[in-house]
> 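Please read through the structure below; I'll follow up with questions.
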Amino acid sequence: MSSTIPYERQLNPSQLEAVFYTDSPLLVLAGAGSGKTRVITYKIAYLINDCNVDPGNILAVTFTNKASNEMKERLESLLGKNVDIWVKTFHSAAARLLRIMGNHFQINSNFSIIDQQDQKALVRKIIKDLKIDPETYKPEKYVYLIERAKDRLLNADEAFSEDFSTDPVFYDIYRIYEDKLEKENLLDFGDLIFKLIKGLSQNDRALSSLKDRFRFILVDEFQDTNHAQYDLIKKLTMPSGRICVVGDDDQSIYGFRGARIENILSFSKDYKNAKIIKLEENYRSYQTILTASSRLIDNNPGRLGKKLYTKKGEGEKLQFYRASSDYNEAFYIAGQIDELTGYDKYTYSDIAVFYRMNAQSRIFESVFSRMRIPYTIIGSLRFYERAEIKDIISYIKLSLNPMDEISLRRIVNKPPRGIGQKTVDALIKVTIERGYPFYRIGSDLDIQPSRVALVQNFLDFFETLRDRVNNSSLPQLFKFLFDESGYLDWLLTENREEKARNLDELYNAVEEFSKNNPSSPVSEFIEEVSLNQAGSDGEESQNNRVHLITLHNAKGLEFPVVFMAGMEEGIFPHFLSRTMHKDLQEERRLCYVGMTRAMEKLYLTAAEERKLYGNSIKRGISNFIFELPQDLIILNMEEGVEYTSAKPRERSVWQDSQSYRYHQNRVSPGLNKVKRGPDKTGAEMPDLEVNCRIIHTKFGHGRVLSLERGVALIQFDNGTKIKLMLQYSPIVKETT
DNA sequence: CCAATAAGTGTTTTT
DNA sequence: CACTTATTGG
């Protein structure tokens, strides 16, 4: 091959086959760590470089914005030049297309995009307006149903005739919801795909021009596509068949959001001449990690089945640790991190702690900062979901789309302007009745005389803002908004300095964006913000920190050392995974995903008692632990803590788990006692004094009673008095 | 209309 | 626990 890219040197035979194969639709079944992103990237490069495909004719779909940025970067370094190619998420691609061609199918192209918070608020309002009880008719439930209906390409009427839900109220709510969005020119996430498909199926010309434009489509993380997304793909690639999808049925973890693992199975039915290539060589983990995780995932029925192998060798056994409390669990992990970074070759950034829910990150934050372990939280408090950020963004959304009631309500009285509920209601009523943007409404507005001037003030400000939106640079616009709206002053007088700091960060993001996209209009920034729920990057560049991250967010990443915390029945697998969408299997896949992120060392930890939402609850060890090959696990635990599975009451939850039966009352024989590594040497003795408060990894909080010759007598808060040799004890001084 | 306080509530994962 | 929503009194 006369190519400038050394494919043969950088890809194995199966990968090469996948990259070069273009004769028919291609499904690449790529196991964890088998280089699937690499395959997609090289394939795109191959198409451009060696097959003379115009980059503009390629559409590559990724699962997150982060992934798409990464892929773009890799691609550019591979081709050695900037390429104008669409590497986007389904949602951002659809949004962009709707902006461009929406006018062909009755979509006003300055629609704004609402997020889940807004959806929920809107549905709650609808429920209240219907005068039914939000207790029994929970907004979350209806948001969920509406989203699923949209995935299935059903509007309210269609859902009704298809008998989509057994709940009759749902159809009323959905209908009103649809109506509201339509009137206010708003689209939710599901609409982006849904409306595009609808438009395309009613407009042949638009469809064929799009097919002509995207002559080759590649989809990453195919197992996480929903019905609508797959439908869109089919619309665009049938009958041409120029499509390549890459996925792994074992890593499908977004079923709760409509992802259909079956899409992988359907692929070769839908595309009759599809070719399937499996990638089974893993380049990431040692064999032990692969063996253990395969055993776990084997418990899922109906898998396509892959046998991952590695040439990296056996590696170490997994470690399991059970602490008495969540607090001690965090301390144990902190202690291990100390050792790993002290004696071993590891740096902080080699290490990640995974957990099931964001709420679990708190305890690590407090323990790590006390133990001076640098950390960064990925994706938790999502930046663009913070109230102050949404407020500012809403001002701009409103100026771009003055019919946006949600945004208007949001900001009309922030900061306080003397415009209350009644006045806003009147304002909106007229807006909707007349169909005019509200700012054109003059004196015929039915409000208290004392409010007229106040409303006028607001409208005047808003006029100026609209002018700025059109005529100022992005940074200027935001500066204007911060200052002239009175928002920043309001925050400062209210003593919300942290929020003010967040606005600074927003300003940085704005500057960054306008530097990278000098010619982009404001609306593009807003769109990026609306679709990029993941939030403030930039933190990512902070070097050498332990990553704290949810299992869902961990997909696609890898770390030399991984801790999976909270391996408790009810936490992971989460107890709601049964009621909401009875999917223990998905939880198991999530566990599999977590485990296969680890390259060298994998620690699983659990607490006997854990505080969640205010009260402490005791839970058994996750059944996932018992599904692993026990001979590949080194067991450690705090004294007095047992290696047992869930309590009977909790266990009844898992009637549907094939495995629970085997583990009833299982108690491990001959455990290792708490094993402390060769840790703290004399060099690192804590500097304590009599009476100071300390924290001990194992025993918790206490106070120093006496000190002599490196031995401290400590009174622990739980009543026990113990003499400890400082040199060997996991003690730190309490710093609060 | 608004700020402060009380009450209550729901507890996963995210484009 | 931490957050949102409802109520009250100014």
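All values derive from a computational prediction rather than experimental measurement. Residue numbering restarts at 1 for every chain, and letters A, B, ... go by the order of the sequence lines.
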> Base, sugar-phosphate, or nothing for A:Lys555, non-hydrogen atoms under 4.0 angstrom?
nothing
> More 5' along DNA chain B: A:Thr89 or A:Met357, using each one's nearest nucleotide?
A:Met357
> With the stacking rule set at 5.5 Å and 30°, tell me whether A:Phe63 counts as stacking on B:dT15.
no
> If you measure from the ring centre of A:His91 to the centre of the six-membered ring in the base of B:dT15, is it under 5.5 Å, with the planes under 30° apart?
no
> Indicate yes or no for a side-chain donor-acceptor contact from A:Arg589 to the backbone of A:Ser252 under 3.5 Å, with no hydrogens or angles considered.
yes
> Answer yes or no: is there a side-chain heavy-atom contact under 4.5 Å between A:Tyr230 and A:Phe222?
yes
> Polar atom pairs between nucleotides 2-9 of chain B and protein, under 3.5 Å, N or O only, would you list them?
unit_1: B:dC2; atom_1: OP1; unit_2: A:Gly418; atom_2: N; d: 2.5
unit_1: B:dC2; atom_1: OP2; unit_2: A:Asn413; atom_2: ND2; d: 2.7

> Atom NZ of residue position A:Lys120 - does it have more than 12 heavy atoms of other residues, nucleotides or ligands inside 6.0 Å?
no
> Using a heavy-atom cut-off of 4.0 Å across all strands, would you classify A:Phe90 as base, sugar-phosphate, or nothing?
nothing
> Expressed in angstrom and rounded to an integer, what is the separation of A:Lys390 atom NZ from C:dT4 atom P?
11 Å
> Would a 4.5 Å heavy-atom cut-off, applied to side chains only, mark A:Phe90 and A:Val219 as touching?
yes
> Determine whether A:Tyr174 and A:Lys150 make a side-chain contact, defined as any pair of heavy atoms from C-beta on separated by less than 4.5 Å.
yes
